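A short write-up of the structure that comes next.
Sequence positions, counted from 1, serve as the residue numbers for this chain. Remember, predicted model here, so these are calculated numbers, not experimental data.
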Amino acid sequence: MRRLSVSLICCALLAPCAALGSGFIAKPSLATQQRPATLVVDASRAADGILRVHERIPAAAGAFTLVYPKWIPGEHGPTGPLSDLAALRVSSGGVPLNWRRDTVDLYAFLVNVPPGAQDVDVDFDVLMNAADDVTATHSLAILQWNRALLYQDGIDSHQYFVRPSIVLPSGWDFATALHEAGCSGDRTDFSVTPLNMLVDSPLDMGRYVKEWNLWREGAAFVQLDAFADHPQDLDISSSLLHAYERMPAEAFAMYGSRHFADYHALLTLSDAGGVQGIEHHQSSDDRAGDDFLTDPDQSLSDGDLIAHEFSHSWNGKYRRPADLTTPNFQVPQLTDLLWVYEGMNQYLGDVISFRAGIREPKLYPEYLATVYASMDYETGRATTPLIDLTTGAPYYYEARGQYGQIRRNANDFYTEGELVWLDVDTIIRQRSRGARSLDTFLHRFTEPAVTGPIVVTYTRAQVESLLNGVEPYDWHAFFERYVYHTSPHPPSDELARSGWRLVYTQKPNDFITAGESDDHGITGWYAYGADLSAGGVVSDVRENSPAWRAGLAPGMRVLAIDGQEFSADVLAYALRRAQHSNAPIALITTQTGWYQTLSLDYHEGVRYPHLARIEGVPDMLAEIAAPHAR
């Protein structure tokens with residue numbers, strides 16, 4: 001296929017290309033640019049975990065349907081937290097109106113607007129915190145606008161306009177990609193914006209804030225805005241800050257383009273919220289633990305967080321799968337091409353983190369060893385191909401329960417997708433004798449050089465055709481093999497092609513060690529086949545491993561090893577001792593009130609994955625991870 005051109009671009013404020021061809025016919029939007037809906041989010045009690053919302057929504061007399069956003073971009077599923085919406089009141093002209101939830105679509109609310117009325121007032125509360133979904137603490141809060149609004153059903157979100165406002169807690173500051181229109185006391189009003197752009201522009205707020213300008217050219221800039229539970233958690237080292245300052249240049253060198261006017265990397269630092277990243281076109285919703293900026297182990301284990309979401313501004317927001325691009329937040333997203341959207345981006349975000357120096361480039365092979373080993377030791381790959389994981393992503397993202405390695409999970413199309421796209425990169429590099437690489441593809445994939453935050457959709461066929469224009473190869477068969485069919489192992493040719501081979505030794509892997517430091521776990525996955533907490537609770541067991549055959553199971557707690565009270569050191573001693581003995585390791589365990597002694601017949605010691613150089617083959621990984629920006 002020929003290179004993409006400007007004529008293929010679907011503009012930002014119009015319905016996306018996929019929607020126009022899907023049979024969707026939008027209702028006329030009553031919230032116009034001249035007469036927008038108004039949205040005031042009172043966050044003065046955010047530290048207590050609650051928001052108060054008032055909306056005035058243009059409406060027409062008669063039956064009228066309001067909807068709460070359900071399919072959330074970047075979350076790839078029907079994840080709109082409906083249970084967070086509480087105390088809903090609807091009125092018009094000061095007169096309360098009865099509302100009724102639709103009996104089939106629980107995200108829809110039906111009202112009858114009285115004759116002569118031109119709008120309805122909607123008031124409700126947003127409950128900010130739930131198990132595994134904490135968005136507010138004593139010192140900071142995250143506002144995802146989709147959680148704090150209702151809108152007219154059936155419209156095109158690019159043609160539905162909102163004038164949003166925020167009321168902050170006293171003494172708090174905020175950051176967002178939205179443009180300010182005015183400020184009075186603790187209230188800030190923003191410019192009228194299309195609904196799709198509003199939902200794409202989260203707002204972070206808090207007591208303890210620092211912002212760093214990472215890049216600027218004229219009016220365009222990239223900024224890191226960090227909000228912390230504690231002021232000392234913002235004390236970033238100069239070396240790490242310099243690495244983040246190199247991140248935009250490395251991304252520009254990789255893509256050869258820019259598709260935002262300005263960009264805010266929004267970062268919250270709180271142990272209450274866990275590690276998470278959600279991409280947006282001109283910002284990102286990045287969440288990490290308290291010491292993400294101050295603990296070197298955090299930069300090692302999660303150093304791709306901000307780079308990954310920044311990369312999504314190009315891959316996922318500017319270029320987006322056609323069937324994932326919907327006209328509003330009630331239309332289901334088709335997620336089959338997430339192996340490009342997320343899989344390729346996992347590779348690119350990691351590469352940017354190494355090229356920028358957030359993680360040392362020389363450690364890239366050590367990191368890839370963990371990526372390959374984790375997928376190679378996953379038993380579910382024998383039955384479930386990547387395409388099922390991406391097609392079923394809305395389910396797999398929410399899947400819970402034990403033995404996740406047998407079921408597989410959404411993380412796999414990120415992790416194994418990284419290996420697929422590394423393979424693509426090394427194939428191009430080898431066949432072109434170093435003249436071209438995946439960067440060459442990305443320059444063509446994301447042209448023209450500069451636009452605003454617009455969307456250009458793609459299909460699998462277009463990706464394969466563009467790859468073929470960069471380097472002739474049977475890319476369709478390649479993806480059929482590694483994405484659309486099961487394979488006993490992840491792609492491995494890229495390792496040998498890059499001058500490396502996978503080995504297992506008793507030397508700890510730097511990235512696994514950093515991860516253990518973070519979650520206080522014990523990794524035995526590549527040895528006896530189980531991972532444990534520091535207290536001896538089994539988190540997972542690999543099918544058909546020695547631990548599996550011994551009878552270890554998730555949730556079981558190991559109390560003693562060979563008669564000694566369990567500890568990480570006692571376990572390490574028992575594993576060393578077993579290497580010189582035929583006797584199994586005796587484990588005393590407890591599970592749901594029952595005690596038993598299990599025999600772990602394992603004698604090969606601890607095992608960790610590493611990459612070792614192949615003599616005489618050029619080191620392609622060093623070339624990939626080296627800084628590219630000039």
Sequence neighbours excluded, every pair satisfying salt bridge (Lys or Arg N to Asp or Glu O under 4.0 Å) that has a member inside [range]:
range	result
residues 600-615	none
residues 495-515	D423-R497
residues 393-408	E378-R408, R408-D412, R408-E416

Only distances under 3.5 Å count here; give the side-chain donor-acceptor pairs of residues 565-577 to other protein atoms, sequence neighbours excluded, each with its distance to 0.1 Å.
residue: S567; atom: OG; partner: D569; partner atom: N; Å: 3.4
residue: S567; atom: OG; partner: V570; partner atom: N; Å: 3.1

Please list all pairs meeting side-chain hydrogen bond (donor to acceptor under 3.5 Å, both in side chains) that have one or both residues in [range], counting only residues at least two apart or in different chains.
range	answer
residues 291-304	D297-S517, Q298-D518, D304-Q346
residues 538-547	T379-E543
residues 579-598	Q506-Q579

Mind checking ring-ring contact (aromatic ring centres under 6.0 Å, His included) for H308 and listing every partner two or more places apart, or none if nothing turns up?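 With sequence neighbours excluded, H308 shows a ring-ring contact (aromatic ring centres under 6.0 Å, His included) to H312, given in chain and number order.
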
Residues that D439 engages under salt bridge (Lys or Arg N to Asp or Glu O under 4.0 Å), provided they are two or more places apart: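 Testing D439 for salt bridge (Lys or Arg N to Asp or Glu O under 4.0 Å), a comparison that skips the adjacent residues, returns R355.
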
Does Y473 have R431 sitting over its ring (NZ/CZ under 6.0 Å from centre, angle to axis within 45°)?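 Not flagged: R431 not positioned over aromatic ring of Y473.
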
My understanding is that only residues two or more places apart in sequence, or in another chain, count here; which of them pass side chain to side chain contact (heavy atoms under 4.5 Å, CB included) with H476?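 Testing H476 for side chain to side chain contact (heavy atoms under 4.5 Å, CB included), a comparison that skips the adjacent residues, returns R460, E464, D474, E480.
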
Going by side chain to side chain contact (heavy atoms under 4.5 Å, CB included), name the residues that satisfy it together with A560, two or more places apart in sequence or in a different chain.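 Applying side chain to side chain contact (heavy atoms under 4.5 Å, CB included) to A560 gives I588.
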
Test: ring pair (Phe, Tyr, Trp, His ring centres under 6.0 Å). Region: residues 373-423. Which pairs qualify, not counting sequence neighbours?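 Qualifying pairs, neighbours excluded: H76-Y397, Y377-Y504, Y377-Y526, Y397-F413, Y403-W548, W421-F479.
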
Do the side chain of N315 and the main chain of Y341 share a donor and acceptor less than 3.5 angstrom apart?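 Judged by distance alone, yes, a pair lies under 3.5 Å.
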
With a 3.5 Å distance limit and no angle check, can you tell me whether D229 reaches the backbone of S270 through a side-chain donor-acceptor pair?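 No.
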
